[in-house]
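Just so it is clear: chains get the letters A, B, ... in the order the sequence lines come, proteins before strands, and each one is counted from 1.
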Protein chains: 2
Amino acid sequence: MPDITDQRFTPHDHRRCIKAAVAEATRICNERNGRLTEQRKRVLELVWGSHQPIGAYTILEQLRSEGFNGAPPTVYRALEFLLDHGLIHRIESLNAYTGCSHPGDEHTGQFLICSRCHEVTELDDPAVSRAITHSSASIGFAATHQVIEIRGLCSHCQALPHDQ
Amino acid sequence: MPDITDQRFTPHDHRRCIKAAVAEATRICNERNGRLTEQRKRVLELVWGSHQPIGAYTILEQLRSEGFNGAPPTVYRALEFLLDHGLIHRIESLNAYTGCSHPGDEHTGQFLICSRCHEVTELDDPAVSRAITHSSASIGFAATHQVIEIRGLCSHCQALPHDQ
DNA sequence: TGAAAGTTGTTATACTATAACATAACAACC
DNA sequence: GGTTGTTATGTTATAGTATAACAACTTTCA
């Protein structure tokens, strides 16, 4: 049964999400003297504007369609900045980027990727992190960073007929 | 303190590991009418021969140095076959491939990747899988496949001076 | 103002992966 | 044994992802 409170499937003005994300990012960057330049902000908006993880070259295309006349390194640099400041995440198994749903604090999220609609939900369940840290430690491995990307069907898509 | 029983750091004849892996793969392929051809077997050996995850193009280079005169698709096809039969794993965060340490049964491993020596240890801790499945289910997500890649320092490298 | 640091522009190239179609090897059957 | 359908491999070209290296510009702050 789909969770009708789920923002992704509730009719909502997504532009608000984007604005909120940018506002939050601005606050965070101010705090630590990171410069959220126009380009970086624009890339952040594009990442948030997509309901799915977005690739670097798709971002580049969109920038170009807006009159920007740049090359891949510009996009990768902006992405690097945003990653460094915890404002977006990279999804390794998709070579794509997605907005961080609670930026600011250091964390490596856990991502649920729907195989059908391709939306990504970020979880940050301490129980999962703990299980992994514990399991690693049991063989003497000191974990510093976790890549956790889960495939499956989101609640919304489970409720749909299979052939849709 | 390094675990001196750890096969990776115990002096051992790694050719034996490779032979064992190939023997096991042969058995599994026979069971299910998969054809472990010479090329596929050779790729499997190269994957096992590397103490670190190995990239497709590195495999290609090695094949070429043995007189093989092929192109990328050949390697990718062999890798696909080996993946399909659960004989190797792909490490998403490295775009590289590593031997499966207990092939045969369906599973998605958990990988501990040492940032220093780059060796990979495969874990299959049910507690971790369970934590993830449980956490996913709590928001209605039905997980089918897990990508879990943990960075950190293996016990061996922790024991070394930092600057080595 | 001028030096240092940070950001962006620009060109070229490296690395990873697959599409599409041709050929060859194999297995099973008549 | 030849025929046929299937699987595997060869081959060429190209798509997709990412970075190196160096030049030019901006910002900051002494």
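- Checked by atom type, the side-chain pair A:E122/A:S101 shows a donor-acceptor distance below 3.5 Å.
- Going from atom CG of B:L82 over to atom P of D:dA8 covers 12 Å, rounded to whole Å.
- In this structure, NE2 of B:H85 is placed 12 Å from C1' of D:dT7, rounded to the nearest angstrom.
- Going from atom NZ of A:K41 over to atom P of C:dT7 covers 15 Å, rounded to whole Å.
- Atom CD in B:E38 sits about 15 Å away from atom C1' in C:dC26, given to the nearest Å.
- Ring-to-base geometry places A:Y57 in a stacked arrangement with D:dT17 (centre distance under 5.5 Å, plane angle under 30°).
- The shortest distance between the side-chain N/O atoms of A:Y97 and the OP1/OP2 oxygens of D:dA18 is below 4.0 Å.
- We find the CZ-CD distance between A:R40 and A:E80 to be 9.0 Å, quoted to the nearest 0.5 Å.
- A salt bridge is defined here as a Lys NZ or Arg NE, NH1 or NH2 lying under 4.0 Å from an Asp or Glu carboxylate O, and B:E31 with B:R27 meets this definition.
- To the nearest angstrom, P of C:dC15 lies 16 Å from CG of B:L94.
- When the side-chain nitrogen and oxygen atoms of B:Y76 are compared with OP1 and OP2 of C:dT18, none of them lie within a distance under 4.0 Å.
- To the nearest 0.5 Å, the span separating NE2 on B:H145 from CD on A:E149 amounts to 10.0 Å.
- Residues A:F111 and A:H89 bring their aromatic ring centres within 6.0 Å.
- The phosphate of C:dA17 has OP1 or OP2 within less than 4.0 Å of a side-chain N or O from B:R90.
- In this structure, the nucleotide among D:dA18, C:dC26, C:dA17 sitting nearest to the side chain of B:R35 is C:dC26.
- Counting only N and O atoms by type, the side chains of B:Q110 and A:S136 include no donor and acceptor under 3.5 Å apart.
- Nucleotide D:dG16 holds its C1' atom 15 Å from the CD1 atom of A:I54, rounded to whole Å.
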### CA sep, side-chain torsions, deciding dist, call: A:Q52, A:T98, side chain to side chain donor-acceptor pair (under 3.5 Å)
CA-CA 7 Å; A:Q52 303 170 4; A:T98 193; over 6 Å; no

Every protein N/O lying under 3.5 Å from an N/O of nucleotides 9-12 of chain C:
residue : atom : partner : partner atom : Å
C:dG9   : OP2  : A:Q39   : NE2          : 3.0
C:dG9   : OP2  : A:T74   : OG1          : 3.4
C:dG9   : N7   : A:R77   : NH1          : 2.8
C:dG9   : O6   : A:R77   : NH2          : 2.4

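- Phosphate proximity of C:dT7 to A:R40: present, with a side-chain N or O under 4.0 Å from OP1 or OP2.
- In this entry the distance linking CG of B:L36 with C1' of D:dA8 reads 13 Å, nearest Å.
- B:L60 has its CG atom 11 Å from the P atom of D:dG10, to the nearest Å.
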